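Here the structure is laid out as structure tokens; the discussion comes afterwards.
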4 protein chains.
Amino acid sequence: MSEAQREKHEAILDSAFEIFGKKGFYDTKISDITEHAGIAKGTMYLYFKSKEELFSAVTRRDWEGFLRELNYQIKHADGLPGKLQKIAEHHLVYYYERKAHTKLFFHAPNNDPELMRMMHGFLSRYMAAVQGVLEEAGMPDPDFYAKAYIGMLDRLKMDILFEGTFTREELEKRVRQTVCLFLQGSERELND
Amino acid sequence: MSEAQREKHEAILDSAFEIFGKKGFYDTKISDITEHAGIAKGTMYLYFKSKEELFSAVTRRDWEGFLRELNYQIKHADGLPGKLQKIAEHHLVYYYERKAHTKLFFHAPNNDPELMRMMHGFLSRYMAAVQGVLEEAGMPDPDFYAKAYIGMLDRLKMDILFEGTFTREELEKRVRQTVCLFLQGSERELND
Amino acid sequence: MSEAQREKHEAILDSAFEIFGKKGFYDTKISDITEHAGIAKGTMYLYFKSKEELFSAVTRRDWEGFLRELNYQIKHADGLPGKLQKIAEHHLVYYYERKAHTKLFFHAPNNDPELMRMMHGFLSRYMAAVQGVLEEAGMPDPDFYAKAYIGMLDRLKMDILFEGTFTREELEKRVRQTVCLFLQGSERELND
Amino acid sequence: MSEAQREKHEAILDSAFEIFGKKGFYDTKISDITEHAGIAKGTMYLYFKSKEELFSAVTRRDWEGFLRELNYQIKHADGLPGKLQKIAEHHLVYYYERKAHTKLFFHAPNNDPELMRMMHGFLSRYMAAVQGVLEEAGMPDPDFYAKAYIGMLDRLKMDILFEGTFTREELEKRVRQTVCLFLQGSERELND
DNA sequence: AATGAATGAGTATTCATTCAT
DNA sequence: TATGAATGAATACTCATTCAT
């Protein structure tokens, strides 16, 4: 693939990310994307096999970036609390930066087994990364703890996505609270 | 509405729960549901305004049952740990019993604002119930803690839904672990 | 048919005249009419065989009234000009009084051969009445002249139906002009 | 639009004129038209927005031809009687040639405001042309006389459309009679 | 490589009519 | 007679994908 082709490939992905993120999979027409990219409808099919595959490619690029950055953050943080904090921060900031593209996560194609498999793979890699951190620290049952940690983060992202007024400061507070809850539990907060 | 009508209304909901749960919203044809219910296509429209509304009604009935049972469990449990345990158990058992209907949760109509609003309402009521338990126990920032707790449970349900071999025993273990993590944190598990 | 039945029969026709006249054949639902008449849907079918037949019956009643009155007017007028004037007056006043029911004339069922035949019959009787007047006065080719006269009137009714501001005075003026044109032609109006 | 496209556009209009004219708007399926034109169903929608718009386009093309020819005839005729004769001839010949397409005029879509507006516009242009002829000849109240003249013609066309045996000779006779009636009236025909 | 005209499968919904009560 | 719940036929339109140029 030539340099020019690589650029067109990226341009299509950029447009698709924009439009899918704004209107969702089903409300997006191929022509919406190709017009936004300034190319003909047929051209998209030279680069991607189908609308579903284009959506998959958008998602894949996004997730690969997520995981690359995640692993970088984990590698450059020290200690379990430090690493957990970076993980939480990364998770929440990621969605904070994609507030305008929520439909990418909530209006995906409903019945594409290929996409399902891919998403499952990404979640596994995310899981594995967190599990690795916990194992390294000597945590037993890292599978359970990793899932629980990610679950917390995933629920907390909701406010970020759908509450227009959520600030970066509140986000940082959530990060600290989550790490603290995960490590020390909530009991110590109770009035005896 | 007569008794006979109430029964037909329920019968349609039962069929819709079955078929939507098995094939998802988009892959289900109205005729699939009405044939399964043994009625004519037009009859469905005497009871529900549209396919979307039928899906909403199925979801609503299910969620109302979820919340009714949840509140019952909370009321009849004692102490914070006891109540948290019942909440976790309820959440996970609910999905355990609906393993055969996963599409109900993952293949809903993508862009029905009415349904979105309704789901949001149910999540709020779920949140409020958990928050109430935490507040009662004197927990500060109950909003944050409730979200984190529900997040953990929601992530853990995934294995239940998609891992065919998940047993009731494993489920009970997950419940105990979750309560323990939530109250005491994970740090104490570390090998120093 | 009992008296009560005759009354219900008329009540249904009255409702149908109202609703068909306001919304047209295709945009009128049987239930619109029966609700307006305060009866059940099925009851209509005890009095009329179908929606088309109901429309036909409405039209028939209206036309029969038109023709009855027409013949009465013709009988009680003297001389050709007098009779022609009454005919014109009757035609235009008839539509003037039905300004609120235009859809009865312009949104009839499109493909009901029965109705077509019936309408044709009424037009023939209308024609015959006018022809009779002309024949009586010794007019040759009364078929042609009757058609021409009715054609003029029918075109002139349009303003009455669709021009909201049309007054009874203007209507009377039209009547006089039409009779005059028909008898004496337009040439004498020319500036030589 | 390329030459090939212009041709396809016309081909669709031709087919639609045929089928609408034979079966009427409501009894014509889009697939009837596209099959007759030898194209796919979707292709029609590349050229026309909807079934209604296609019908409008057919009607428009037909009326534009009618008005073009009308104005040509008027321009090339001399004197009021000559011009009136050409108008009558044109009106009646037009329908004579469309005897096989009556449904185009009597089974149009019932409630398309766009089409109503368009038809109104064409009638106005027809009116204006006739009015122009009368005004030019110094006729007072040309609005009334134009309407009356067109009304006569419009009623006379009926025999042409629905009487299978109507000949061109009879048509010419009707034309002469109509002009004569319009100019000189019918009174002079009376036996005193 | 790029184009964009042509294709055609696929389905929710309405409402006149019936008939058991 | 009157009711009204149940029926089921019937059809326009969209848009992802193809392929001749």
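Numbers restart at 1 for each chain; the letters A, B, ... are given by sequence-line order, proteins then strands. These numbers were taken from a predicted model, which means no experiment stands behind them.
Computed from coordinates, the I33(D) CD1 to dG8(E) P distance equals 18 Å when rounded to whole Å. Whole-Å rounding puts the I30(C) CD1 to dT3(F) C1' distance at 15 Å. Protein atom CD of E35(B) is 15 Å distant from nucleotide atom C1' of dA12(E), rounded to whole Å. Taking atom CE of M44(A) as the reference point, atom C1' of dA1(E) lies 16 Å away to the nearest angstrom.
Taking CZ of F48(D) as the reference point, atom CD1 of I33(D) lies at 9.5 Å (rounded to 0.5 Å).
At least one side-chain nitrogen or oxygen of Y47(D) sits closer than 4.0 Å to the OP1 or OP2 atom of dA6(E). Between K41(C) and dG4(F) there is no side-chain polar atom (N or O) within less than 4.0 angstrom of OP1 or OP2.
Comparing Y26(B) and A4(D), the nucleotide of DNA chain E nearest to each residue sits closer to the 5' end for A4(D). Both I39(B) and T43(C) sit near DNA chain F, but only T43(C) has its closest nucleotide nearer the 5' end. Between G42(B) and E52(A), it is G42(B) whose nearest contact on DNA chain F lies nearer the 5' terminus. Taking for each of K29(B) and K49(C) the nucleotide of DNA chain E with the nearest heavy atom, the 5'-most of the two is the partner of K29(B).
Using a 4.0 Å heavy-atom criterion, one finds that K8(C) contacts the sugar-phosphate atoms exclusively. Using a 4.0 Å heavy-atom cutoff across all strands shown, S50(D) reaches sugar-phosphate atoms only and no base atom. If you check every strand for non-hydrogen atoms under 4.0 Å, T28(D) touches sugar and phosphate atoms only.
The environment of NZ in K49(D) is sparse: at most 12 heavy-atom neighbours from other residues, nucleotides or ligands sit within 6.0 Å.
Pair check for dG4(F) finds dC19(E); Watson-Crick or G-U wobble, both atom distances under 3.5 Å.
Outside the 6.0 Å centre-distance limit, the rings of F66(B) and F122(B) are not counted as a close aromatic pair.
A salt bridge does not link D14(B) with K8(B): none of the charged nitrogens is closer than 4.0 Å to a carboxylate oxygen. For the pair E114(D) and R117(D), the salt-bridge criterion is met [side-chain N within less than 4.0 Å of a carboxylate O].
In the set dA5(F), dT14(F), dT3(E), the nucleotide with an atom closest to the side chain of L46(A) is dT3(E). If you check dG8(F), dT3(F), dA1(E) against the side chain of A40(C), the one that comes closest is dT3(F).
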